[in-house]
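Here, residue 1 is the first one in the sequence, and each next residue gets the next number. Below, each value reflects all heavy atoms present in this structure, side chains not excepted, and no hydrogens, waters or symmetry copies. Note that ligands are numbered from 1 as they come in the structure, with each ligand's atoms numbered from 1 the same way.
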Amino acid sequence: MSELAQIGVTGLAVMGRNLARNFARNGYRVALHNRTYARTQSLIADHGDEGTFLPSESMKDFVASLERPRRIVIMVQAGAGTDAVIDELIPLLEPDDIVIDAGNAHFPDTIRREQQLAEHNLHFVGMGVSGGEEGALNGPSIMPGGSAKSYESLGPMLEKISAHVDGVPCCTYIGPDGAGHFVKMVHNGIEYADMQLIAEAYDLLRQGLGASAAEIAEIFKQWNTGDLESFLIEITAEVLAHVDAETGKPFVDIILDRAEQKGTGRWTVQNALDLGVPITGIAEATFDRALSGSVPQREAARAKLAGKTANWEIKDRDAFIEDVRQALYASKVVAYSQGFDQIAAASKEYGWDIDRGAMARIWRGGCIIRARFLNRITEAYERDPELPLLLADDYFAEAVSSGLEAWRRIVAGAAQNGVPTAAFSSSLAYYDGIRADRLPAALIQAQRDYFGAHTYHRVDKEGTFHTEWSLDRSETQQ
Ligand code: NAP
């Protein structure tokens with residue numbers, strides 16, 4: 001039976017095609033299928049010599065070309081496309097076969113699909129894949145959920161095709177049902193925050209120093225040799241150095257300033273609201289993309305609203321650059337800390353038992369947020385797997401507090417000079433809020449008791465209390 005395929009991929013657009021090639025290049029026999037057969041044929045024509053491919057035109061032949069238990073990766077347009085393929089597959093499969101959805105599914109859909117397939121004694125693995133088309137081909141970061149049993153059969157293959165850092169695969173079992181797609185969603189949310197913070201740092205350097213795009217590219221290149229070293233900083237330097245061939249202007253200046261999104265940032269924020277986890281960095285980044293696309297509102301505001309009150313006079317250029325760097329690093333720590341908080345809260349809520357240190361480890365390579373910094377996060381969770389707040393880990397607490405004055409100078413300077421820094425500012429506000437001895441939330445609770453008899457707890461004794469605000473203002477214990 002050695003001629004049967006070890007893994008199958010259905011959906012051979014950019015991502016599926018590259019993932020199939022990655023499996024084949026790693027020595028696996030790969031069954032191929034796509035709704036439109038021409039895509040399958042073009043893959044064979046262009047790359048058929050890269051390994052052993054078993055192409056099929058029909059889903060029935062595709063399923064029959066796989067060894068059992070079958071491992072079938074679905075890499076189609078997320079949503080209705082995934083459901084259509086699953087419905088087509090179910091009658092063709094046999095107990096213990098494994099169906100893997102590697103698309104960008106929303107995790108509640110993954111939970112639903114896992115239940116649907118379990119009724120047929122089939123395993124369903126919701127698998128996050130990060131790294132875009134380049135990662136899919138050369139080694140992505142892979143976040144598979146589903147049953148632990150399915151990982152026994154699938155894990156070694158996934159680990160082999162994933163990115164590796166220091167010989168360690170960027171793939172690990174995440175947890176049951178929707179855990180893999182959930183973690184991928186938060187990864188994307190963190191990516192939004194990281195990109196927004198980098199964009200704000202760029203804007204501060206441009207507006208504060210009047211530096212050119214090319215000069216700022218050099219600054220980012222320099223930053224990429226230190227604590228901030230990451231894929232996103234690296235590509236930022238490249239983008240800023242790029243010149244538009246048609247106009248000779250910096251490339252960044254010929255792009256409309258409207259950032260789009262496919263929706264994973266929005267899902268992350270919606271879930272954080274449900275769980276009650278303050279992920280202000282990701283939320284600001286998501287809202288700022290929406291702000292950038294609010295065209296009529298921006299036009300109305302530009303015409304009416306006054307802006308700068310003073311010219312930003314920066315006396316020491318190098319000191320300012322260093323301040324921005326430190327503020328960026330501190331804000332980034334906050335955004336990651338919040339993302340890991342969300343993973344912890346979801347893990348508890350949905351019973352996933354996710355190892356946060358392992359998440360940082362598998363994000364070190366292959367994915368968009370890959371960074372030197374993630375080693376530090378893994379180390380923090382190795383020191384204390386139950387760490388309540390990443391920001392309060394000894395290393396990060398020290399790193400952030402040593403940059404605190406710089407962070408405050410930058411946020412204050414930006415506010416005084418009218419440079420919008422939603423993510424820098426909200427991250428600092430979060431830092432000051434989460435470390436506060438006492439918050440004005442006490443007043444809010446008192447207001448709630450006043451108008452809605454929502455009760456309150458006292459600092460000096462146990463119990464639930466209410467004050468008779470409209471009567472004699474006496475206090476009763478509930
Ligand atoms: P895509 O443009 O999202 O989807 C195109 C593929 O889906 C084609 O193979 C198409 O088949 C198939 N398809 C669509 N509707 C279908 C249906 N009802 N039944 C059967 N097949 C259907 O492809 P992609 O960019 O390669 O992405 C694939 C998945 O990976 C998506 O879920 C995406 O969100 C996720 N993802 C993408 C990236 C990225 O960088 N692009 C990164 C990570 C994850 P036909 O050829 O017949 O039209």
Salt bridge or not for Asp109 and Arg112, using N-O below 4.0 Å? yes
Output, or 'none' if empty, a list of ligand 1-protein atom pairs in which both atoms are N or O and the distance is under 3.5 Å, rounded to 0.1 Å.
from, atom 1, to, atom 2, distance (Å)
ligand 1, 4 (O), Gln77, N, 3.4
ligand 1, 7 (O), Gln77, N, 3.1
ligand 1, 9 (O), Asn34, OD1, 2.8
ligand 1, 18 (N), Arg35, NH1, 3.4
ligand 1, 26 (O), Val14, N, 3.4
ligand 1, 26 (O), Met15, N, 2.8
ligand 1, 32 (O), Val76, O, 3.1
ligand 1, 32 (O), Ala78, N, 3.4
ligand 1, 32 (O), Asn104, N, 3.1
ligand 1, 46 (O), Asn34, ND2, 2.8
ligand 1, 46 (O), Arg39, NE, 2.5
ligand 1, 46 (O), Arg39, NH2, 3.4
ligand 1, 47 (O), Arg35, NE, 3.0
ligand 1, 47 (O), Thr36, N, 3.1
ligand 1, 47 (O), Thr36, OG1, 2.5
ligand 1, 48 (O), Arg35, NH2, 3.1

When Met127, Glu159, Met143 are each screened for side-chain contact (heavy atoms from CB on, under 4.5 Å) with Cys171, the one that passes is Glu159
Carboxylate-amine/guanidinium contact Asp166 Arg361, below 4.0 Å: no
May I ask you to establish whether Arg356 and Phe340 are in a cation-pi arrangement, using a distance under 6.0 Å from NZ or CZ to the six-membered ring centre and at most 45° from the ring axis? no
Let me know which of Val73, Leu19, Ile161 forms a side-chain contact (heavy atoms from CB on, under 4.5 Å) with Ile7. Val73
N-O pairing of Arg70 and Glu94 below 4.0 Å: yes
